[in-house]
Protein chains: 2
Amino acid sequence: MTEAERVVRDLWERIQARDWDGVAALLHEDFTDEWPVTGERITGRDRYVAMNREYPEPWGPVSVRQVVAAGDRAAADVEVPGGDSVFRCVGFYELRDGRLARATEYWTAVGEEEPPPGREHLTERF
Amino acid sequence: MTEAERVVRDLWERIQARDWDGVAALLHEDFTDEWPVTGERITGRDRYVAMNREYPEPWGPVSVRQVVAAGDRAAADVEVPGGDSVFRCVGFYELRDGRLARATEYWTAVGEEEPPPGREHLTERF
């Protein structure tokens with residue numbers, strides 16, 4: 001397992017544990033994270049920790065579905081059940097000197113959109 | 001560049017070129033792809049090619065934002081402008097014997113959701 005994979009797995013384990021000091025320890029102070037789906041940018045370790053800490057309960061348990069990692073980068077597909085939705089956080093993460101420096105996280109939910117009509121002959125629903 | 005990265009980059013280059021025979025040549029006949037956001041599964045190379053070929057124009061130009069690859073797997077963050085939206089396809093891909101065997105693709109669009117109220121103090125909009 002690369003260091004980037006280990007740090008990303010630790011991140012999600014500590015988020016699940018609500019271990020906010022532990023989460024902070026994995027991040028550079030200037031850590032920035034972009035959430036393209038809602039067009040939000042979170043600048044700084046403290047804001048990222050606060051965003052997670054303040055996120056309305058209930059959510060979890062977090063389940064890391066897969067990680068692909070190479071060099072200082074990792075991509076992760078993570079499931080986070082929350083309320084009436086099953087969220088997926090698909091993230092790309094960059095390490096610098098062993099801690100997370102940047103991320104892009106795409107938050108979606110399973111089945112949150114209806115497919116447009118006209119392609120039923122090509123798909124099965126799940 | 002790993003073989004998995006090369007195949008995923010070739011895939012998107014050929015999709016952009018509408019080179020459907022070239023796309024098919026990168027896939028196993030039993031290639032399967034899941035689209036969790038709409039809960040759709042595409043079973044088989046021919047259906048995957050048809051789904052892309054039949055997707056309503058205009059779309060493109062495709063731009064591969066980043067790829068993380070290791071062993072037989074790759075994750076890619078790909079931008080596909082289309083109509084009034086700027087789509088992002090975030091995919092995880094598995095190779096078998098040099099061709100794509102499985103994928104999970106999360107289709108989202110930049111800014112397609114409004115953030116819930118109450119976290120404006122933690123974010124900037126972009």
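Contact annotation for A:R125: both backbone and side-chain heavy atoms come within less than 4.5 Å of a heavy atom of chain B. Only the backbone of A:V67 comes within contact range of chain B, with at least one heavy atom under 4.5 Å from a heavy atom of that chain. Both the backbone and the side chain of A:F126 come within less than 4.5 Å of a heavy atom of chain B. Within the 4.5 angstrom heavy-atom criterion, atoms from both the backbone and the side chain of A:V37 approach chain B. Using a 4.5 Å cut-off between heavy atoms, A:A50 touches chain B through backbone and side chain atoms alike. Contacts between A:E54 and chain B at a heavy-atom distance below 4.5 Å involve the side chain alone, from C-beta outward. For a residue to count as touching a neighbouring chain, one of its non-hydrogen atoms must lie under 4.5 Å from one of that chain's; by this rule A:Y55 touches chain B with the side chain only. Both the backbone and the side chain of B:A70 come within less than 4.5 Å of a heavy atom in chain A.
In this structure, A:V110 is not a member of the same hydrophobic cluster as B:W107, with clusters built from ILVMFWY side-chain heavy atoms closer than 4.5 Å. Note on B:V7: it clusters hydrophobically with B:V23, by side-chain heavy-atom contacts below 4.5 Å among ILVMFWY residues. Both A:I42 and A:L95 are members of a single hydrophobic cluster when ILVMFWY side chains are connected at heavy-atom separations under 4.5 Å. A single hydrophobic cluster is seen to contain both B:Y93 and B:V78, as judged by linkage of ILVMFWY side chains at heavy-atom distances under 4.5 Å, directly or through other members. Linking ILVMFWY residues whenever their side-chain heavy atoms come closer than 4.5 Å, directly or via other members, leaves B:V64 and B:V86 in distinct clusters.
Counting non-hydrogen atoms of other residues, nucleotides and ligands closer than 6.0 Å to CD of B:E120 gives a total above 12. For A:E57, the CD atom is densely surrounded, since the number of other residues' heavy atoms within 6.0 Å is greater than 12. For CZ of B:R102, the number of neighbouring non-hydrogen atoms (other residues, nucleotides, ligands) closer than 6.0 Å is 12 at most.
The most heavy-atom pairs under 4.5 Å with chain A, out of B:P115, B:A69, B:A109, come from B:P115. Of the residues considered (B:A76, B:A74, B:G118), B:A76 shows the highest number of contacts with chain A, using heavy-atom pairs under 4.5 Å.
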- Query: Please walk me through it: do A:T123 and B:W35 pass side chain to side chain contact (heavy atoms under 4.5 Å, CB included)?
  - Reply: CA-CA 10 Å; A:T123 66; B:W35 289 1; over 6 Å; no
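With rounding to the nearest 0.5 angstrom, the CD atom of B:E113 is 7.5 Å from the CD atom of A:E113. Remark: A:T108 OG1 to B:E112 CD distance equals 9.0 Å, nearest 0.5 Å. We find the CG-CG distance between A:L122 and B:D33 to be 12.0 Å, quoted to the nearest 0.5 Å.
The closest side-chain donor-acceptor pair between B:E124 and A:T43 falls under 3.5 angstrom.
Proximity of A:D77 to B:Y106: side-chain heavy atoms (C-beta onward) are separated by under 4.5 Å at one or more points. Taking 4.5 Å as the limit, every side-chain heavy atom of B:R47 sits out of range of all side-chain heavy atoms of A:H121. Residues A:R119 and B:T38 meet the side-chain proximity criterion, which asks for heavy atoms closer than 4.5 Å.
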